[in-house]
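Taking it in order: structure first as structure tokens, then the write-up.
All residue numbers in this chain count up from 1 along the given sequence. The structure presented is a predicted model; accordingly, all values stated were derived computationally and were not measured.
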Amino acid sequence: KENSMYVLVLVMIFQGETKVKAFDPLFPDWRTCKEVAVSVEKRLMRTRPSPNAVANTYCFQLPKDV
């Protein structure tokens, strides 16, 4: 049985513009992805360009056939 892989996606909103970025590399499990996601989100929110800017992170499981 193959292990699942997870991708970390960043969603950033600033001045009405939305940017979506995938974070390299893929992660071998949800826990590792989530640990990095929390760290990245905290850093992005700490360094955001204005109080209205928003950064969210999400971990998604890739389908097995990818």
According to a 4.5 Å side-chain heavy-atom criterion applied to Ile, Leu, Val, Met, Phe, Trp and Tyr, with indirect links allowed, do [X] and [Y] form part of one hydrophobic cluster?
| X | Y | answer |
| --- | --- | --- |
| I13 | V40 | no |
| V7 | V20 | yes |
| F23 | W30 | yes |

Please report the interatomic distance [atom1]([X]) to [atom2]([Y]), rounded to the nearest 0.5 Å.
| X | Y | atom1 | atom2 | result |
| --- | --- | --- | --- | --- |
| E35 | C59 | CD | SG | 10.0 Å |
| L62 | K64 | CG | NZ | 10.5 Å |
| Y6 | D29 | OH | CG | 7.5 Å |
| C33 | L8 | SG | CG | 4.5 Å |
| L10 | N56 | CG | CG | 10.0 Å |
| M5 | L26 | CE | CG | 4.5 Å |

Find out whether [X] and [Y] are in side-chain contact, i.e. whether some heavy atom of one side chain is under 4.5 Å from a heavy atom of the other.
| X | Y | result |
| --- | --- | --- |
| N52 | F14 | no |
| F60 | V9 | yes |
| V11 | Y58 | yes |

Shortest non-hydrogen separation from Q61 to S4 and the atoms involved: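 In this case the closest contact between Q61 and S4 is NE2-OG, 2.5 Å.
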Under 3.5 Å donor-acceptor, R48 side chain and P51 backbone: yes
Polar side-chain atom of E41 near backbone of T57 as donor-acceptor pair, under 3.5 Å: yes
